[in-house]
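These values consider heavy atoms only, across backbone and side chains, with no hydrogens, waters or symmetry-generated copies. Each ligand, and each atom within it, is numbered from 1 in the order the structure gives. Start at 1 with the first residue, then count along the sequence.
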Amino acid sequence: MPKPRFAVLGAGSIGCHLGGHLAAAGHDVAFIGRPAAMDVLRERGLTLSASFRPSVHLAPDRLTAADGPEAAAGADYVLVTVKSAGTEAAARDLAPRLAPGAVVVSFQNGLRNTAVLRAALPGHTVLAGMVPYNVVRSGPGTVHQGMPGRLMTEPDDLLGAAFRAAGLAIEARTDMSEVQHAKLLMNLNNAINALSGLPLREQLGRRAYRRCLALCQREALAVYRAAGVVPARLGPAAPGVTPYVLGLSDPLFRRVAAATLRIDAHARSSMWEDLRRGRPTEIDSLQGEIVALAAAHGRTAPANARLVALVHEAEAAPRTWSGPELYAELRAAG
Ligand SMILES: NC(=O)c1ccc[n+]([C@@H]2O[C@H](COP(=O)([O-])OP(=O)(O)OC[C@H]3O[C@@H](n4cnc5c(N)ncnc54)[C@H](OP(=O)(O)O)[C@@H]3O)[C@@H](O)[C@H]2O)c1
């Protein structure tokens, strides 16, 4: 049977990581991204690095870099890896071009992207996916995976086999909505990490920042209860227990959550990268989603709402917050 052909719409950190591994395994992958990013792939190729496995380099002649969505026409699977604010435009780009039977897979964070794609692409299967680890551009043409982890998608045997053969662990899940709600709880740290200006490991090693995350998660869990949402258990601790663990002293946290801190020393959230590059962030699809869900159920989520405001302020005028400063700010909001 011929190998399925892939296109990646939004070839940034996650798109280059996923598409790069598939290309290295011999799949035909069309990388669709902004012209400047595609020029880098054409000139330097793509290096996939990680601290826990050897780097892989794909020379330019092993890559198909495309500036426009036309390149999606030949794909059996289109992986959507734009930030959430770009999903509607990405769907509009894809709608007239997808091959009949092409399957679209969203590997984005947030709760609404799959629904947006499904609404815009009737007649196509759209699968929800989830990337549980951190990937950043660590240099021109290099994407770095900060920790190991297992991708998750709605079941699709061919897709699962392709990723496994490419060396990426993947799990088929029938509860992706619960998975996405659980992932959102973790992603509430993206804003805190971005405002801290610190690498993730250092930021999560400091109790004051973890208490900020615990405040956000407690609000989110209360809102989920009101909405009847039961988030999946993705890590060693049940979602309801995590805020307590986050509040432990630094030495205790280091012992209890050793696996959580096994992050590459340089890894940071993609929101930090967005702020640094002066790009809009995904805050409205993360903390903003909790605020909206709270409002829909007659509740408030003040710490999350304050973080939405602080990140929008940082988009306009970057500043960093110490842990105690940020914790005091979020507490004052409640
Ligand atoms: N990075 C991570 O560690 C990580 C981990 C798990 C999940 N995620 C999720 O994965 C998604 C992608 O994140 P990312 O960090 O990979 O973002 P990213 O590095 O910004 O990559 C997205 C790329 O797509 C480009 N793009 C947007 N719309 C496009 C279009 N219509 N056509 C062509 N290119 C387009 C963007 O360009 P512009 O910037 O010019 O718009 C950007 O270069 C997000 O939902 C994120 O939350 C990320």
Side-chain angles (χ1 to χ4, degrees), residues 7-20 30-41 46 48-50 65-72 78-95 97 104-114 116-117 120 128-138 140-153 168 179-180 182-184 186-191 193-194 199-200 234 263-264 266-289 315:
V8 170
L9 182 55
S13 302
I14 291 296
C16 285
H17 164 76
L18 297 174
F31 293 85
I32 305 166
R34 301 298 189 201
M38 295 304 92
D39 283 346
V40 173
L41 295 188
L46 175 61
L48 309 166
S49 71
D67 295 339
E70 299 74 23
V78 178
L79 313 184
V80 176
T81 56
V82 301
K83 290 265 165 64
S84 301
T87 307
E88 278 185 29
R92 275 197 302 275
D93 283 347
L94 289 177
R97 300 182 169 96
V104 175
V105 192
S106 161
F107 276 106
Q108 303 158 280
N109 284 329
L111 301 178
R112 297 173 196 248
N113 293 302
T114 320
V116 169
L117 291 166
M130 193 275 278
V131 180
Y133 46 77
N134 163 271
V135 179
V136 286
R137 254 163 292 184
S138 53
T142 301
V143 286
H144 182 79
Q145 181 179 347
M147 64 188 102
R150 205 167 51 227
L151 303 171
M152 293 180 186
T153 63
L168 295 180
V179 166
Q180 287 176 331
K183 181 73 194 309
L184 177 53
M186 297 178 187
N187 286 136
L188 295 177
N189 190 55
N190 291 12
N193 178 256
L200 275 164
L234 297 181
I263 318 167
D264 192 286
H266 305 294
R268 296 170 187 263
S269 71
S270 61
M271 194 179 289
W272 171 83
E273 199 176 356
D274 287 336
L275 286 183
R276 198 176 60 116
R277 290 170 189 260
R279 297 186 306 198
T281 68
E282 281 187 310
I283 190 69
D284 293 328
S285 305
L286 302 177
Q287 261 84 0
E289 199 66 67
E315 287 170 345

### Query
Are Arg137 and Glu273 close enough that some pair of their side-chain heavy atoms sits under 4.5 Å apart?
yes

### Message
So Met130 and Thr153, do their side chains get closer than 4.5 Å, heavy atoms only?
### Response
no

### Query
Which ligand 1 atoms are under 4.0 Å away from a heavy-atom of Lys183?
6 (C)

### Message
Atom CZ of residue position Arg279 - does it have more than 12 heavy atoms of other residues, nucleotides or ligands inside 6.0 Å?
### Response
yes

### Message
Only heavy atoms of Asn134, strictly under 4.0 Å: list the atoms of ligand 1 that pass.
### Response
3 (O)

#### Entry: Test side chain to side chain contact (heavy atoms under 4.5 Å, CB included) applied to Ile32 and Met38, step by step
CA-CA 8 Å; Ile32 305 166; Met38 295 304 92; over 6 Å; no

### Query
Looking only at protein heavy atoms, which one is nearest to atom 3 (O) of ligand 1, and how far off is it?
Val135 N, 2.7 Å

#### Entry: Test side-chain hydrogen bond (donor to acceptor under 3.5 Å, both in side chains) applied to Asn109 and Lys83, Gln180, Glu289, Lys183, the passing residue
Lys183

#### Entry: Check: Val143 and Leu48 side chains under 4.5 Å, non-hydrogen atoms
yes

### Query
Do Tyr133 and His17 make the cut of ring centroids closer than 6.0 angstrom?
yes

### Query
What residue and atom, counting heavy atoms only, is the protein's closest point to atom 19 (O) of ligand 1, and at what distance?
Arg137 NH2, 2.7 Å

### Query
Hey, which atoms in ligand 1 end up nearer than 4.0 Å to a heavy atom of Val131?
6 (C)

### Query
atom 7 (C) of ligand 1: which protein heavy atom is closest, and how many Å away?
Asn109 ND2, 3.2 Å

### Task
Go through ligand 1 atom by atom and flag the ones less than 4.0 Å from a non-hydrogen atom of Tyr133.
3 (O), 5 (C), 6 (C)

### Query
To which protein heavy atom is atom 13 (O) of ligand 1 closest, and what is the distance rounded to 0.1 Å?
Lys83 CE, 3.6 Å

### Task
Indicate whether any N or O donor in one side chain lies under 3.5 Å from an N or O acceptor in the other, for Thr87 and Asn113.
yes

### Task
Out of Glu273, Glu282, Gln108, indicate the one that has the non-hydrogen atom closest to atom 47 (O) of ligand 1.
Glu282

### Query
Which residue and non-hydrogen atom of the protein lie closest to atom 30 (C) of ligand 1, and at what distance in Å?
Arg34 NH1, 3.7 Å

### Message
Is a donor from one side chain sitting under 3.5 angstrom from an acceptor on the other, for Thr281 and Glu315?
### Response
yes

### Task
For the residue pair Glu282 and Ser84, confirm or rule out a side-chain donor-acceptor distance under 3.5 Å.
yes

### Task
Heavy-atom contacts with Arg279 under 4.0 Å: which atoms of ligand 1 show up? List them by number with element.
20 (O), 39 (O)

#### Entry: atom 34 (N) of ligand 1 [closest protein heavy-atom partner, distance rounded to 0.1 Å]
Gly33 CA, 3.6 Å

### Task
Would you check whether Ser13 has a nitrogen or oxygen atom less than 3.5 angstrom from a nitrogen or oxygen atom of ligand 1?
yes

### Query
How close does the nearest protein non-hydrogen atom get to atom 48 (C) of ligand 1, and which residue and atom is it?
Ile14 CG1, 3.3 Å

### Message
Could you tell me, atom by atom, which parts of ligand 1 come under 4.0 Å of a heavy atom of Asp93?
### Response
31 (N)

### Query
Judged by modelled atom types alone, do Ser269 and Asn190 share a side-chain donor-acceptor pair under 3.5 Å?
no

### Closest protein heavy atom (residue, atom, distance) for atom 15 (O) of ligand 1
Ser270 CB, 3.6 Å

### Query
Which one of Leu200, Leu9, Thr81, Ile32 has a non-hydrogen atom at the shortest distance from atom 12 (C) of ligand 1?
Thr81

### Query
Within less than 4.0 angstrom of ligand 1, does Gly86 place any heavy atom?
no

